[in-house]
Visitor: 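Next up is a structure, given as structure tokens.
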Amino acid sequence: MFNVKGIRSGYGEVTVLHGLDFEVKHEIYAILGANGAGKSTLMKTIAKVLPLKSGELQFKDEDVTHLTPYQLAERGLAYVPQEQNIFPELTVRENLSIGGLVGKRSKQERMEEIIELFPDIAERINQKAGSLSGGEAQMVAVGRALMQDPVMILLDEPTAGLAPKYVDGFFRKIKEIHEKKGVSIMVAEQNAAKAMEIADRIMLLSLGTIFLIDDCNNVDIGKVKEGYRI
Ligand SMILES: Nc1ncnc2c1ncn2[C@@H]1O[C@H](COP(=O)(O)OP(=O)(O)OP(=O)(O)O)[C@@H](O)[C@H]1O
Ligand SMILES: [Mg+2]
């Protein structure tokens with residue numbers, strides 16, 4: 001699905017990611033690591049929001065190294081940033097509608113599916129997105145991404161800032177999106193234990209390099225802990 005070779009990226013002169021190689025299949029792939037490990041930088045880089053310093057990206061067997069974020073979206077990649085992932089001045093309906101600019105099926109049909117998945121946002125559909133709670137806003141952000149009918153979604157810490165009692169429910173939704181809609185998911189998450197409950201595989205980033213890639217059925221917990229200590 002996504003094939004990443006030797007990517008380096010960062011901000012200005014500063015290099016944050018130091019040559020990462022990995023492959024994401026049709027699965028839930030969690031990107032773990034402590035604050036500042038480079039999770040968001042990785043998400044931005046493969047969504048092409050942040051320029052590559054070097055390396056290659058292949059999406060569905062096509063070289064997408066030089067494509068724009070919009071061209072990637074047209075090919076089925078949806079990206080939900082960690083912050084500022086909704087338009088607060090627009091209504092929930094308008095936010096969802098923007099996602100529907102990509103893709104072919106009728107917007108109405110897609111919007112009905114999103115509301116079925118996140119019934120809580122139905123009654124807020126005409127409300128400004130900026131007036132929603134943190135959890136509702138995240139549903140809208142994920143809903144907007146799903147409106148693109150993506151084959152893969154990049155979710156950057158979707159449960160950050162959510163009250164603990166909502167976190168499990170949100171993770172279950174992510175699993176449901178993968179299983180029922182057949183969408184591959186790459187999710188950045190600080191909480192390794194939570195991520196491993198739903199992920200098929202994990203990548204642990206430490207100081208902008210890959211510390212560990214492992215199968216969730218068989219994770220070396222000691223090694224995960226070590227990756228967070230550095
Ligand atoms: N816009 C920016 N300009 C300069 N440096 C940045 C910028 N954004 C992030 N960095 C730096 O890049 C490094 C990696 O940050 P990144 O946001 O990718 O980490 P993260 O793993 O997503 O952390 P968190 O769990 O806190 O979201 C950090 O050292 C950070 O200070
Ligand atoms: Mg981050």
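The model shown is predicted, which means the values in this text are computed figures rather than measured ones. Counting starts at 1 for both ligands and their atoms, following the listed order.
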Visitor: Mark yes or no for whether E27, through its side chain, and Y29, through its backbone, hold a donor-acceptor pair below 3.5 Å.
Guide: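 No; judged by distance alone, with no hydrogens or angles, the pair does not exist.
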
Visitor: Going by an N to O cut-off under 4.0 Å, is there a salt bridge joining E197 and K175?
Guide: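 No, this pair does not count.
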
Visitor: Let me have the donor-acceptor pairs involving side chains of residues 82-89, under 3.5 Å, with sequence neighbours excluded, atom names and distances please.
Guide:
from	atom 1	to	atom 2	distance (Å)
Q82	OE1	S40	OG	2.6
N85	ND2	P81	O	3.0
N85	ND2	Q138	OE1	3.3
E89	OE1	K128	NZ	3.0

Visitor: Which pairs of N or O atoms, one from ligand 1 and one from the protein, are separated by less than 3.5 Å, and what is the distance for each pair?
Guide:
from	atom 1	to	atom 2	distance (Å)
ligand 1	8 (N)	Y11	OH	3.4
ligand 1	18 (O)	S40	N	3.4
ligand 1	18 (O)	T41	N	2.9
ligand 1	18 (O)	T41	OG1	2.5
ligand 1	19 (O)	G38	N	3.4
ligand 1	21 (O)	A37	N	3.2
ligand 1	21 (O)	G38	N	3.0
ligand 1	21 (O)	K39	N	2.9
ligand 1	21 (O)	K39	NZ	2.8
ligand 1	22 (O)	S40	N	2.8
ligand 1	22 (O)	S40	OG	2.9
ligand 1	23 (O)	G36	N	2.9
ligand 1	25 (O)	N35	ND2	3.4
ligand 1	25 (O)	K39	NZ	2.7
ligand 1	25 (O)	E157	OE2	2.8
ligand 1	25 (O)	Q190	NE2	3.3
ligand 1	26 (O)	N35	ND2	2.7
ligand 1	27 (O)	Q82	OE1	3.0
ligand 1	27 (O)	Q82	NE2	3.2
ligand 1	27 (O)	E157	OE2	3.4

Visitor: Give a yes or no on this: more than 12 heavy atoms of other residues, nucleotides or ligands lie within 6.0 Å of atom OH of Y166.
Guide: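 No, because the 6.0 Å sphere around OH of Y166 holds 12 heavy atoms or fewer from other groups.
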
Visitor: For Y11 and T41, which I'm curious about, is there any donor-acceptor pair between the side chains at under 3.5 Å?
Guide: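 Yes.
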
Visitor: I'd like to know if the Mg ion (ligand 2) has an N/O/S atom from S40 within less than 2.8 Å of it, counting both backbone and side-chain atoms.
Guide: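 Coordinating: yes.
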
Visitor: Regarding M43, does it place an N, O or S atom less than 2.8 Å from the Mg ion (ligand 2)?
Guide: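 Checking M43: none of its N, O or S atoms is under 2.8 Å.
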
Visitor: Out of curiosity, does F171 fall in the hydrophobic cluster containing M196 (side-chain heavy atoms, cut-off under 4.5 Å, transitive links)?
Guide: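 No; F171 is not reachable from M196 via cluster members.
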
Visitor: Any salt bridge between E226 and R229, counting N to O under 4.0 Å?
Guide: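 So E226 does not pair with R229 through a salt bridge.
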
